[in-house]
Chemist: 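I'd like to ask some things about the structure below.
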Amino acid sequence: MASHLLRSAKGLLCDISGVLYDPDGSGGRLIEGSIEAVKRLKDARFPLKFVTNESQTTRAGLTAKLQHLGFSVTEEDILSPVTAVRAVLKERNWKAHLLVHEDCLPELQDVAATAADPVDCVVLGDASDGFSYAALNAAFQRLMTPAARGGGQPVGLLSLGMGRYYRQAEQLHLDVGAFARALEFASGSTAEVVGKPSAAFFGAGVKTLGLDGAAAVVMVGDDIVSDVGGAMAAGLLGVQVRTGKFRPSADEPHPSVTPTAYVDDLKQLVDILLN
Amino acid sequence: MFAGVRRILFDLSGTLHIENQLLPGALEALAEAKAAGLAVDFVSNTSKEGRSDLLSRLASLGIEPEPGRLHTSLSVTADAANRLGLRRPLLLLSESAAADFQVEPGGADFDSVVVGLAPDKLNYQDLSRAMRLLLDRPEAPLLAAHRGRYLRSGDGLLRLGPGPFVTALEFACGRSAQAFGKPTPAFFESVLGADAAAPACAVMIGDDAEDDAAGAVRSGLRAILVRTGKYRAGDEARADCEAPPTAVCDTALDAVRLILRDR
(Lines give C-alpha, C1' and ligand atoms only; values in the text may rest on other atoms or scores of the structure.)
Protein backbone atom coordinates (compact mmCIF):
# COMPACT_ATOMS: atom_id res chain seq x y z
CA MET A 1 0.00 0.00 0.00
CA ALA A 2 2.86 2.32 0.78
CA SER A 3 4.41 1.66 -2.64
CA HIS A 4 1.11 2.56 -4.29
CA LEU A 5 0.99 5.89 -2.49
CA LEU A 6 4.60 6.61 -3.40
CA ARG A 7 4.20 5.64 -7.06
CA SER A 8 1.39 8.17 -7.48
CA ALA A 9 3.30 10.99 -5.78
CA LYS A 10 3.72 14.14 -7.87
CA GLY A 11 6.50 15.98 -6.06
CA LEU A 12 9.44 15.46 -3.72
CA LEU A 13 10.85 17.53 -0.88
CA CYS A 14 14.24 16.06 -0.24
CA ASP A 15 16.23 16.61 2.96
CA ILE A 16 19.89 17.31 2.22
CA SER A 17 22.00 16.47 5.27
CA GLY A 18 21.77 12.72 5.89
CA VAL A 19 20.09 11.98 2.55
CA LEU A 20 22.37 13.46 -0.12
CA TYR A 21 25.53 13.59 1.98
CA ASP A 22 26.80 13.44 5.55
CA PRO A 23 28.43 16.61 6.86
CA ASP A 24 31.92 15.98 8.23
CA GLY A 25 33.29 19.42 9.06
CA SER A 26 34.76 19.99 5.59
CA GLY A 27 33.34 19.13 2.18
CA GLY A 28 31.00 16.40 3.31
CA ARG A 29 30.81 12.69 2.52
CA LEU A 30 28.61 11.52 -0.32
CA ILE A 31 25.87 8.99 0.37
CA GLU A 32 26.11 6.26 -2.23
CA GLY A 33 23.65 6.42 -5.10
CA SER A 34 22.37 9.90 -4.29
CA ILE A 35 23.97 11.71 -7.23
CA GLU A 36 22.41 9.29 -9.73
CA ALA A 37 19.08 9.46 -7.90
CA VAL A 38 18.95 13.26 -8.19
CA LYS A 39 19.97 13.15 -11.84
CA ARG A 40 17.16 10.65 -12.60
CA LEU A 41 14.62 12.98 -10.92
CA LYS A 42 15.91 15.99 -12.85
CA ASP A 43 15.95 14.14 -16.16
CA ALA A 44 12.34 13.06 -15.54
CA ARG A 45 11.47 16.70 -14.65
CA PHE A 46 9.99 15.46 -11.37
CA PRO A 47 9.02 18.47 -9.20
CA LEU A 48 11.80 18.62 -6.63
CA LYS A 49 13.12 20.95 -3.92
CA PHE A 50 15.96 20.32 -1.56
CA VAL A 51 14.86 21.20 1.91
CA THR A 52 17.40 21.99 4.49
CA ASN A 53 17.25 23.14 8.07
CA GLU A 54 20.91 23.88 7.81
CA SER A 55 21.38 27.44 8.89
CA GLN A 56 25.16 27.18 9.13
CA THR A 57 25.58 28.32 5.56
CA THR A 58 23.98 30.46 2.85
CA ARG A 59 21.94 29.06 -0.04
CA ALA A 60 24.74 29.99 -2.44
CA GLY A 61 27.27 28.30 -0.21
CA LEU A 62 25.15 25.18 0.07
CA THR A 63 24.62 25.02 -3.68
CA ALA A 64 28.36 25.31 -4.27
CA LYS A 65 28.98 22.54 -1.76
CA LEU A 66 26.48 20.21 -3.43
CA GLN A 67 27.81 20.99 -6.90
CA HIS A 68 31.32 20.31 -5.68
CA LEU A 69 30.16 16.90 -4.49
CA GLY A 70 28.78 16.21 -7.97
CA PHE A 71 25.07 17.04 -7.64
CA SER A 72 23.28 18.79 -10.48
CA VAL A 73 21.53 21.50 -8.43
CA THR A 74 21.04 25.27 -8.59
CA GLU A 75 20.23 27.86 -5.90
CA GLU A 76 16.56 27.93 -6.90
CA ASP A 77 16.28 24.23 -6.03
CA ILE A 78 17.01 24.95 -2.39
CA LEU A 79 14.50 25.88 0.29
CA SER A 80 16.30 26.99 3.47
CA PRO A 81 15.11 28.55 6.72
CA VAL A 82 17.53 31.48 6.35
CA THR A 83 15.94 32.47 3.06
CA ALA A 84 12.49 31.91 4.52
CA VAL A 85 13.10 33.97 7.66
CA ARG A 86 14.51 36.94 5.74
CA ALA A 87 11.30 36.97 3.70
CA VAL A 88 9.21 36.82 6.87
CA LEU A 89 11.12 39.71 8.50
CA LYS A 90 10.90 41.90 5.42
CA GLU A 91 7.18 41.25 5.13
CA ARG A 92 6.65 42.24 8.78
CA ASN A 93 9.14 45.10 8.62
CA TRP A 94 10.95 43.69 11.66
CA LYS A 95 14.51 44.12 12.84
CA ALA A 96 16.17 41.11 14.44
CA HIS A 97 18.82 40.26 17.02
CA LEU A 98 20.64 37.43 15.32
CA LEU A 99 22.09 34.38 17.03
CA VAL A 100 22.92 32.42 13.91
CA HIS A 101 25.97 30.85 12.30
CA GLU A 102 28.37 33.58 11.19
CA ASP A 103 28.17 32.35 7.58
CA CYS A 104 24.50 33.41 7.45
CA LEU A 105 25.10 36.99 8.50
CA PRO A 106 25.61 38.40 4.97
CA GLU A 107 22.25 37.06 3.75
CA LEU A 108 20.50 38.60 6.79
CA GLN A 109 22.32 41.94 6.79
CA ASP A 110 19.32 44.03 5.81
CA VAL A 111 17.10 42.67 8.58
CA ALA A 112 19.69 42.72 11.36
CA ALA A 113 19.56 45.19 14.25
CA THR A 114 22.75 46.73 15.59
CA ALA A 115 23.62 46.27 19.27
CA ALA A 116 22.13 49.69 20.07
CA ASP A 117 18.82 49.36 18.14
CA PRO A 118 15.73 48.02 19.86
CA VAL A 119 14.56 44.81 18.15
CA ASP A 120 11.30 43.11 17.16
CA CYS A 121 12.58 39.58 17.49
CA VAL A 122 15.47 37.26 18.12
CA VAL A 123 16.37 34.91 15.27
CA LEU A 124 17.95 31.67 16.42
CA GLY A 125 19.81 29.46 13.96
CA ASP A 126 22.30 26.64 14.26
CA ALA A 127 25.06 28.85 15.59
CA SER A 128 27.32 25.94 16.56
CA ASP A 129 30.22 27.33 18.61
CA GLY A 130 28.36 30.64 18.55
CA PHE A 131 26.16 29.13 21.27
CA SER A 132 28.19 30.39 24.17
CA TYR A 133 26.64 31.25 27.52
CA ALA A 134 27.33 34.93 26.80
CA ALA A 135 25.63 34.87 23.38
CA LEU A 136 22.60 32.98 24.69
CA ASN A 137 22.39 35.41 27.58
CA ALA A 138 22.44 38.40 25.22
CA ALA A 139 19.59 36.88 23.20
CA PHE A 140 17.68 36.14 26.43
CA GLN A 141 18.09 39.71 27.65
CA ARG A 142 16.59 40.95 24.36
CA LEU A 143 13.59 38.66 24.83
CA MET A 144 12.95 40.26 28.22
CA THR A 145 12.67 43.80 26.84
CA PRO A 146 9.74 45.37 24.97
CA ALA A 147 9.69 45.15 21.16
CA ALA A 148 10.75 48.03 18.92
CA ARG A 149 7.34 48.10 17.28
CA GLY A 150 5.83 49.25 20.57
CA GLY A 151 2.34 48.63 21.89
CA GLY A 152 3.72 46.52 24.73
CA GLN A 153 4.46 43.69 22.30
CA PRO A 154 7.02 41.18 23.53
CA VAL A 155 10.15 40.59 21.49
CA GLY A 156 9.43 37.53 19.31
CA LEU A 157 11.55 34.40 19.03
CA LEU A 158 11.97 32.93 15.55
CA SER A 159 13.76 29.61 15.39
CA LEU A 160 15.23 28.29 12.15
CA GLY A 161 14.02 24.79 12.91
CA MET A 162 13.26 22.75 16.03
CA GLY A 163 15.66 19.82 15.53
CA ARG A 164 17.03 18.08 18.61
CA TYR A 165 20.42 17.04 17.30
CA TYR A 166 22.29 16.38 14.08
CA ARG A 167 25.23 14.28 13.02
CA GLN A 168 28.51 15.88 12.06
CA ALA A 169 31.95 14.30 11.79
CA GLU A 170 30.78 10.96 13.28
CA GLN A 171 29.20 12.60 16.35
CA LEU A 172 25.81 13.94 17.36
CA HIS A 173 25.58 17.62 18.28
CA LEU A 174 22.80 19.71 19.83
CA ASP A 175 20.62 21.34 17.19
CA VAL A 176 18.84 24.71 17.24
CA GLY A 177 15.64 23.23 18.73
CA ALA A 178 17.37 22.49 22.03
CA PHE A 179 18.52 26.09 22.35
CA ALA A 180 15.12 27.41 21.27
CA ARG A 181 13.53 25.38 24.07
CA ALA A 182 16.11 26.80 26.48
CA LEU A 183 15.19 30.39 25.58
CA GLU A 184 11.47 29.61 25.63
CA PHE A 185 11.81 28.23 29.12
CA ALA A 186 13.91 31.14 30.32
CA SER A 187 11.74 33.91 28.90
CA GLY A 188 8.27 32.38 28.90
CA SER A 189 7.92 33.06 25.18
CA THR A 190 6.99 30.56 22.47
CA ALA A 191 9.23 30.17 19.45
CA GLU A 192 7.80 30.57 15.99
CA VAL A 193 9.49 27.91 13.90
CA VAL A 194 10.67 28.93 10.47
CA GLY A 195 11.90 25.63 9.25
CA LYS A 196 11.27 21.93 9.73
CA PRO A 197 9.15 20.64 11.33
CA SER A 198 6.66 23.54 11.16
CA ALA A 199 3.60 22.98 9.00
CA ALA A 200 4.01 26.47 7.59
CA PHE A 201 7.45 25.58 6.29
CA PHE A 202 6.30 22.32 4.64
CA GLY A 203 3.27 24.15 3.27
CA ALA A 204 5.59 26.71 1.69
CA GLY A 205 7.60 23.81 0.28
CA VAL A 206 4.55 22.25 -1.39
CA LYS A 207 3.71 25.64 -2.94
CA THR A 208 7.24 26.11 -4.27
CA LEU A 209 6.82 22.80 -6.13
CA GLY A 210 3.90 24.35 -7.98
CA LEU A 211 1.54 21.77 -6.47
CA ASP A 212 -1.66 22.21 -4.44
CA GLY A 213 -2.11 18.96 -2.63
CA ALA A 214 0.23 18.03 0.18
CA ALA A 215 -0.99 14.41 -0.03
CA ALA A 216 0.71 13.99 -3.42
CA VAL A 217 4.03 15.26 -2.12
CA VAL A 218 6.68 13.09 -0.47
CA MET A 219 9.14 14.42 2.13
CA VAL A 220 12.19 12.19 2.50
CA GLY A 221 14.57 12.71 5.44
CA ASP A 222 16.78 11.18 8.12
CA ASP A 223 15.28 12.87 11.19
CA ILE A 224 12.20 10.81 11.95
CA VAL A 225 10.61 13.42 14.22
CA SER A 226 11.57 16.65 12.48
CA ASP A 227 11.58 15.58 8.80
CA VAL A 228 9.15 12.66 8.57
CA GLY A 229 6.83 13.35 11.51
CA GLY A 230 6.72 17.07 10.74
CA ALA A 231 5.87 16.52 7.07
CA MET A 232 3.18 13.92 7.81
CA ALA A 233 1.59 16.26 10.36
CA ALA A 234 1.39 18.82 7.53
CA GLY A 235 -0.39 16.29 5.30
CA LEU A 236 2.54 15.10 3.19
CA LEU A 237 3.74 11.52 2.73
CA GLY A 238 6.79 10.82 4.89
CA VAL A 239 9.68 8.52 3.96
CA GLN A 240 12.47 7.69 6.44
CA VAL A 241 15.92 6.83 5.06
CA ARG A 242 18.26 4.48 6.85
CA THR A 243 21.19 6.87 6.32
CA GLY A 244 22.37 10.01 8.13
CA LYS A 245 21.28 10.34 11.75
CA PHE A 246 18.91 7.35 11.53
CA ARG A 247 19.33 5.11 14.62
CA PRO A 248 17.94 1.58 14.05
CA SER A 249 17.34 0.80 17.70
CA ALA A 250 15.38 3.98 18.34
CA ASP A 251 13.79 4.84 14.98
CA GLU A 252 12.51 1.54 13.49
CA PRO A 253 9.95 1.25 14.89
CA HIS A 254 9.56 4.67 16.46
CA PRO A 255 7.26 5.24 19.45
CA SER A 256 5.37 8.19 17.92
CA VAL A 257 6.01 8.39 14.16
CA THR A 258 4.89 5.75 11.63
CA PRO A 259 6.43 6.73 8.28
CA THR A 260 4.59 6.05 5.01
CA ALA A 261 7.67 3.93 4.23
CA TYR A 262 11.25 3.19 5.30
CA VAL A 263 13.87 3.00 2.52
CA ASP A 264 17.56 2.16 2.66
CA ASP A 265 18.51 5.38 0.87
CA LEU A 266 17.39 8.01 -1.65
CA LYS A 267 18.27 5.72 -4.57
CA GLN A 268 15.75 3.14 -3.38
CA LEU A 269 13.05 5.80 -3.03
CA VAL A 270 13.63 7.23 -6.52
CA ASP A 271 13.44 3.69 -7.98
CA ILE A 272 9.92 3.49 -6.51
CA LEU A 273 8.86 7.05 -7.48
CA LEU A 274 9.89 6.75 -11.11
CA ASN A 275 8.89 3.13 -11.84
CA MET B 1 -1.03 35.34 59.50
CA PHE B 2 2.15 34.11 61.15
CA ALA B 3 0.91 32.39 64.31
CA GLY B 4 3.14 29.56 65.51
CA VAL B 5 6.19 30.50 63.44
CA ARG B 6 9.41 29.22 65.03
CA ARG B 7 11.77 29.16 62.09
CA ILE B 8 12.69 31.34 59.12
CA LEU B 9 14.32 30.13 55.93
CA PHE B 10 16.15 33.03 54.28
CA ASP B 11 16.97 32.87 50.60
CA LEU B 12 20.43 34.37 50.04
CA SER B 13 21.08 35.79 46.54
CA GLY B 14 18.59 38.53 45.74
CA THR B 15 17.11 38.53 49.23
CA LEU B 16 19.98 39.24 51.65
CA HIS B 17 22.72 40.13 49.19
CA ILE B 18 23.54 40.50 45.53
CA GLU B 19 27.02 39.19 44.81
CA ASN B 20 29.30 41.11 47.20
CA GLN B 21 26.78 43.74 48.30
CA LEU B 22 24.48 43.33 51.26
CA LEU B 23 20.93 44.45 50.56
CA PRO B 24 19.71 47.26 52.83
CA GLY B 25 18.49 45.95 56.19
CA ALA B 26 19.77 42.41 55.65
CA LEU B 27 21.87 42.13 58.80
CA GLU B 28 19.16 43.88 60.86
CA ALA B 29 16.65 41.33 59.58
CA LEU B 30 18.83 38.46 60.81
CA ALA B 31 19.57 40.13 64.14
CA GLU B 32 15.88 40.86 64.86
CA ALA B 33 14.88 37.29 63.95
CA LYS B 34 17.52 35.83 66.26
CA ALA B 35 16.72 38.26 69.07
CA ALA B 36 13.10 37.09 68.93
CA GLY B 37 14.25 33.50 69.42
CA LEU B 38 13.49 32.27 65.90
CA ALA B 39 15.69 29.59 64.33
CA VAL B 40 17.39 30.90 61.19
CA ASP B 41 18.26 28.75 58.16
CA PHE B 42 19.89 29.91 54.96
CA VAL B 43 18.80 28.33 51.71
CA SER B 44 20.33 28.89 48.37
CA ASN B 45 19.94 27.55 44.89
CA THR B 46 23.40 28.81 44.14
CA SER B 47 25.09 26.27 41.94
CA LYS B 48 28.00 28.40 40.85
CA GLU B 49 29.78 28.41 44.19
CA GLY B 50 30.66 25.40 46.31
CA ARG B 51 30.06 25.42 50.06
CA SER B 52 33.55 26.56 50.95
CA ASP B 53 33.54 29.61 48.65
CA LEU B 54 29.98 30.45 49.63
CA LEU B 55 30.79 30.44 53.36
CA SER B 56 33.76 32.76 52.70
CA ARG B 57 31.61 35.17 50.73
CA LEU B 58 28.91 35.17 53.42
CA ALA B 59 31.49 35.71 56.18
CA SER B 60 32.84 38.76 54.37
CA LEU B 61 29.29 40.14 54.34
CA GLY B 62 28.82 39.50 58.04
CA ILE B 63 26.48 36.52 57.54
CA GLU B 64 27.50 33.46 59.60
CA PRO B 65 25.17 30.46 59.40
CA GLU B 66 25.10 28.19 62.45
CA PRO B 67 26.53 24.73 61.72
CA GLY B 68 24.09 22.68 59.66
CA ARG B 69 21.98 25.74 58.84
CA LEU B 70 23.26 26.44 55.32
CA HIS B 71 21.44 24.38 52.70
CA THR B 72 22.29 24.65 49.03
CA SER B 73 20.94 23.01 45.92
CA LEU B 74 24.45 21.61 45.37
CA SER B 75 24.61 19.94 48.78
CA VAL B 76 21.17 18.38 48.35
CA THR B 77 22.06 17.23 44.82
CA ALA B 78 25.40 15.78 45.94
CA ASP B 79 23.62 13.86 48.74
CA ALA B 80 21.13 12.52 46.20
CA ALA B 81 23.95 11.46 43.84
CA ASN B 82 25.53 9.54 46.72
CA ARG B 83 22.25 7.84 47.64
CA LEU B 84 21.78 6.84 43.99
CA GLY B 85 25.24 5.26 44.01
CA LEU B 86 26.60 7.56 41.31
CA ARG B 87 30.40 7.54 41.42
CA ARG B 88 31.48 9.23 38.20
CA PRO B 89 29.20 12.14 37.34
CA LEU B 90 29.94 14.29 34.29
CA LEU B 91 29.84 17.67 36.02
CA LEU B 92 28.62 20.71 34.11
CA LEU B 93 29.63 22.79 37.11
CA SER B 94 32.14 25.47 37.98
CA GLU B 95 35.35 24.31 39.63
CA SER B 96 34.13 25.71 42.92
CA ALA B 97 30.84 23.81 42.76
CA ALA B 98 32.50 20.61 41.56
CA ALA B 99 34.41 20.49 44.85
CA ASP B 100 31.12 19.59 46.61
CA PHE B 101 30.94 16.32 44.65
CA GLN B 102 32.91 13.13 45.07
CA VAL B 103 34.10 11.82 41.74
CA GLU B 104 35.90 8.49 41.45
CA PRO B 105 38.67 8.40 38.91
CA GLY B 106 37.64 6.43 35.84
CA GLY B 107 38.55 8.48 32.81
CA ALA B 108 35.61 9.14 30.54
CA ASP B 109 33.40 6.35 31.89
CA PHE B 110 30.66 8.60 33.30
CA ASP B 111 27.54 7.27 34.97
CA SER B 112 25.46 10.45 35.14
CA VAL B 113 25.31 14.15 34.27
CA VAL B 114 24.97 16.95 36.83
CA VAL B 115 24.01 20.44 35.63
CA GLY B 116 24.46 23.65 37.62
CA LEU B 117 25.13 27.28 36.79
CA ALA B 118 28.44 27.03 34.96
CA PRO B 119 28.89 29.70 32.30
CA ASP B 120 32.14 28.06 31.19
CA LYS B 121 30.45 24.71 30.59
CA LEU B 122 27.02 25.71 29.32
CA ASN B 123 28.02 25.96 25.69
CA TYR B 124 27.56 24.03 22.48
CA GLN B 125 30.55 21.69 22.84
CA ASP B 126 30.18 20.74 26.49
CA LEU B 127 26.40 20.41 26.30
CA SER B 128 26.67 18.27 23.14
CA ARG B 129 29.11 16.00 24.94
CA ALA B 130 26.66 15.58 27.83
CA MET B 131 23.88 14.89 25.34
CA ARG B 132 25.92 12.15 23.65
CA LEU B 133 26.51 10.49 27.01
CA LEU B 134 22.82 10.58 27.89
CA LEU B 135 21.82 9.18 24.49
CA ASP B 136 24.43 6.41 24.65
CA ARG B 137 23.52 5.46 28.23
CA PRO B 138 19.77 5.70 28.80
CA GLU B 139 20.27 4.45 32.37
CA ALA B 140 22.57 7.36 33.29
CA PRO B 141 20.54 9.90 35.33
CA LEU B 142 20.40 13.59 34.41
CA LEU B 143 20.55 15.55 37.67
CA ALA B 144 19.95 19.27 37.96
CA ALA B 145 20.97 21.39 40.92
CA HIS B 146 17.81 23.35 40.15
CA ARG B 147 15.70 24.67 37.29
CA GLY B 148 16.15 28.39 37.94
CA ARG B 149 15.30 30.38 34.84
CA TYR B 150 17.37 33.44 35.60
CA LEU B 151 18.68 35.72 38.30
CA ARG B 152 19.60 39.39 38.50
CA SER B 153 23.32 40.04 38.80
CA GLY B 154 25.21 42.88 40.45
CA ASP B 155 25.09 45.07 37.35
CA GLY B 156 21.29 44.91 37.35
CA LEU B 157 21.03 42.71 34.27
CA LEU B 158 19.25 39.36 34.03
CA ARG B 159 21.41 36.28 33.56
CA LEU B 160 20.36 32.78 32.53
CA GLY B 161 20.18 30.14 35.26
CA PRO B 162 20.82 26.43 34.71
CA GLY B 163 17.13 25.63 34.12
CA PRO B 164 17.09 26.58 30.43
CA PHE B 165 20.12 24.35 29.76
CA VAL B 166 18.51 21.45 31.62
CA THR B 167 15.47 21.94 29.39
CA ALA B 168 17.73 21.86 26.31
CA LEU B 169 19.18 18.48 27.33
CA GLU B 170 15.76 17.07 28.26
CA PHE B 171 14.40 18.10 24.88
CA ALA B 172 17.34 16.78 22.88
CA CYS B 173 17.47 13.46 24.72
CA GLY B 174 13.74 12.94 25.14
CA ARG B 175 13.94 12.39 28.89
CA SER B 176 13.45 14.17 32.22
CA ALA B 177 15.96 15.52 34.68
CA GLN B 178 15.65 15.16 38.44
CA ALA B 179 16.10 18.49 40.18
CA PHE B 180 16.94 18.85 43.86
CA GLY B 181 16.98 22.55 44.64
CA LYS B 182 14.09 24.94 45.28
CA PRO B 183 11.20 24.61 44.61
CA THR B 184 11.26 20.80 44.75
CA PRO B 185 9.67 19.06 47.75
CA ALA B 186 12.95 17.13 48.06
CA PHE B 187 14.77 20.35 48.87
CA PHE B 188 12.37 21.59 51.55
CA GLU B 189 12.25 18.11 53.10
CA SER B 190 16.01 18.08 53.22
CA VAL B 191 16.06 21.44 55.00
CA LEU B 192 13.23 20.78 57.46
CA GLY B 193 13.90 17.12 58.15
CA ALA B 194 11.36 14.32 58.33
CA ASP B 195 9.12 15.84 61.05
CA ALA B 196 5.68 16.25 59.46
CA ALA B 197 4.84 19.18 61.75
CA ALA B 198 7.94 21.13 60.75
CA PRO B 199 6.65 22.94 57.62
CA ALA B 200 3.77 24.56 59.51
CA CYS B 201 6.20 26.34 61.86
CA ALA B 202 8.44 27.69 59.11
CA VAL B 203 8.36 30.73 56.83
CA MET B 204 10.39 31.11 53.63
CA ILE B 205 11.54 34.62 52.68
CA GLY B 206 12.79 35.06 49.10
CA ASP B 207 12.76 37.08 45.86
CA ASP B 208 11.68 34.34 43.48
CA ALA B 209 7.90 34.04 43.26
CA GLU B 210 8.07 30.52 41.87
CA ASP B 211 11.16 28.90 43.41
CA ASP B 212 11.04 30.53 46.86
CA ALA B 213 7.42 31.45 47.57
CA ALA B 214 5.31 28.97 45.59
CA GLY B 215 7.75 26.12 46.22
CA ALA B 216 7.63 26.70 49.96
CA VAL B 217 3.85 27.02 50.09
CA ARG B 218 3.40 23.79 48.13
CA SER B 219 5.60 22.07 50.73
CA GLY B 220 3.40 23.31 53.56
CA LEU B 221 5.42 26.36 54.71
CA ARG B 222 4.27 29.95 54.73
CA ALA B 223 6.14 32.35 52.44
CA ILE B 224 6.90 36.04 52.03
CA LEU B 225 7.92 37.27 48.59
CA VAL B 226 10.27 40.27 48.68
CA ARG B 227 10.58 42.94 46.01
CA THR B 228 14.36 42.80 45.70
CA GLY B 229 16.80 40.88 43.51
CA LYS B 230 15.18 39.29 40.50
CA TYR B 231 11.66 40.35 41.52
CA ARG B 232 9.73 42.15 38.75
CA ALA B 233 6.36 43.81 39.33
CA GLY B 234 3.54 41.32 38.95
CA ASP B 235 5.65 38.19 39.52
CA GLU B 236 3.23 36.97 42.20
CA ALA B 237 0.42 36.97 39.64
CA ARG B 238 2.45 35.02 37.12
CA ALA B 239 3.58 32.28 39.52
CA ASP B 240 1.58 29.24 40.64
CA CYS B 241 -1.85 30.65 41.50
CA GLU B 242 -2.65 27.57 43.57
CA ALA B 243 0.21 28.48 45.91
CA PRO B 244 0.25 32.26 46.37
CA PRO B 245 2.64 33.83 48.90
CA THR B 246 1.30 34.49 52.39
CA ALA B 247 2.49 38.10 51.99
CA VAL B 248 4.58 40.37 49.75
CA CYS B 249 7.03 42.87 51.29
CA ASP B 250 9.56 45.34 49.98
CA THR B 251 12.58 43.87 51.81
CA ALA B 252 13.67 40.97 54.02
CA LEU B 253 13.73 43.35 57.01
CA ASP B 254 10.10 44.34 56.37
CA ALA B 255 9.27 40.64 56.08
CA VAL B 256 10.85 39.77 59.43
CA ARG B 257 9.07 42.67 61.14
CA LEU B 258 5.75 41.54 59.63
CA ILE B 259 6.29 38.01 60.99
CA LEU B 260 7.21 39.29 64.46
CA ARG B 261 4.20 41.61 64.53
CA ASP B 262 1.79 38.95 63.37
CA ARG B 263 2.91 35.96 65.40
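The figures here come from the full heavy-atom set of this structure, side chains too, leaving out hydrogens, waters and symmetry mates. Sequence lines set the chain letters: A, B, ... in the order given, protein chains first and strands last, and positions in each chain run from 1.
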Chemist: Testing the basics here: between B/A168 and A/A182, what is the closest heavy-atom pair and its distance to 0.1 Å?
Modeler: CB-CB, 4.2 Å
Chemist: Return the CZ to OH distance between A/F185 and B/Y150, rounded to the nearest 0.5 Å.
Modeler: 11.0 Å
Chemist: Nearest heavy-atom pair of A/D129 and B/Q125: which atoms, and what distance?
Modeler: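 Result for this residue pair: OD1-NE2, 2.9 Å.
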Chemist: Heavy-atom pairs under 4.5 Å with chain A are the metric here; pick the option from B/L135, B/L160, B/N123 that has the most.
Modeler: B/L160
Chemist: Counting only N and O atoms by type, is there a donor-acceptor contact under 3.5 Å from the side chain of B/S128 to the main-chain atoms of A/L174?
Modeler: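 Yes, the answer is positive, given that a donor and an acceptor are paired below the 3.5 Å cut-off.
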Chemist: Does the side chain to side chain contact (heavy atoms under 4.5 Å, CB included) test come out yes or no for B/R132 and A/Y165, once each step is laid out?
Modeler: CA-CA 10 Å; B/R132 288 191 290 271; A/Y165 49 80; over 6 Å; no
Chemist: Under 30°, 30 to 60°, or over 60°: which ring-plane class applies to A/F179 and B/Y124, parallel, tilted or perpendicular?
Modeler: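 Because their plane-to-plane angle lies in the 30° to 60° range, the rings of A/F179 and B/Y124 count as tilted.
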Chemist: Heavy-atom distances under 4.5 Å only: say whether B/R159 touches chain A with side chain, backbone, both or neither.
Modeler: both
Chemist: What distance separates B/D120 CG from A/S132 OG, expressed to the nearest 0.5 Å?
Modeler: 10.5 Å
Chemist: Hey, are the side chains of B/F165 and A/L136 touching, using non-hydrogen atoms and a 4.5 Å cut-off?
Modeler: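 Yes, close enough: below the 4.5 Å cut-off.
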Chemist: How would you list, in number order, the residues of residues 138-147 of chain A that have a heavy atom less than 4.5 Å from chain B?
Modeler: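 Answer by number: A/F140, A/Q141, A/M144.
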Chemist: Looking at every heavy atom in both A/S187 and B/R149, which two are closest together, and how far apart are they?
Modeler: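 Result for this residue pair: C-NH2, 3.8 Å.
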Chemist: More than 12 heavy atoms of other residues, nucleotides or ligands under 6.0 Å from CD of B/Q21: is that the case?
Modeler: no
Chemist: Going by heavy atoms in the side chains, are A/Y133 and B/K121 under 4.5 Å from each other?
Modeler: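 Side chain of A/Y133 against side chain of B/K121, heavy atoms only: no contact under 4.5 Å found.
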Chemist: Using a 4.5 angstrom heavy-atom cutoff, name the option from A/D175, A/L183, A/L172 with the most pairs to chain B.
Modeler: A/L172
Chemist: Counting heavy-atom pairs under 4.5 Å with chain B, which one of A/R181, A/E184, A/R247 comes out on top?
Modeler: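 Most heavy-atom pairs under 4.5 Å with chain B: A/R181.
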Chemist: So which part of B/R129 gets closer than 4.5 Å to some heavy atom of chain A, the side chain, the backbone, both or neither?
Modeler: neither
Chemist: Which of residues 222-231 of chain A get closer than 4.5 angstrom to chain B, counting heavy atoms alone?
Modeler: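 From residues 222-231 of chain A, none sit under 4.5 Å of chain B.
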Chemist: Between B/C173, B/G163, B/G148, B/G161, which residue shows the highest count of heavy-atom pairs closer than 4.5 Å to chain A?
Modeler: B/G163
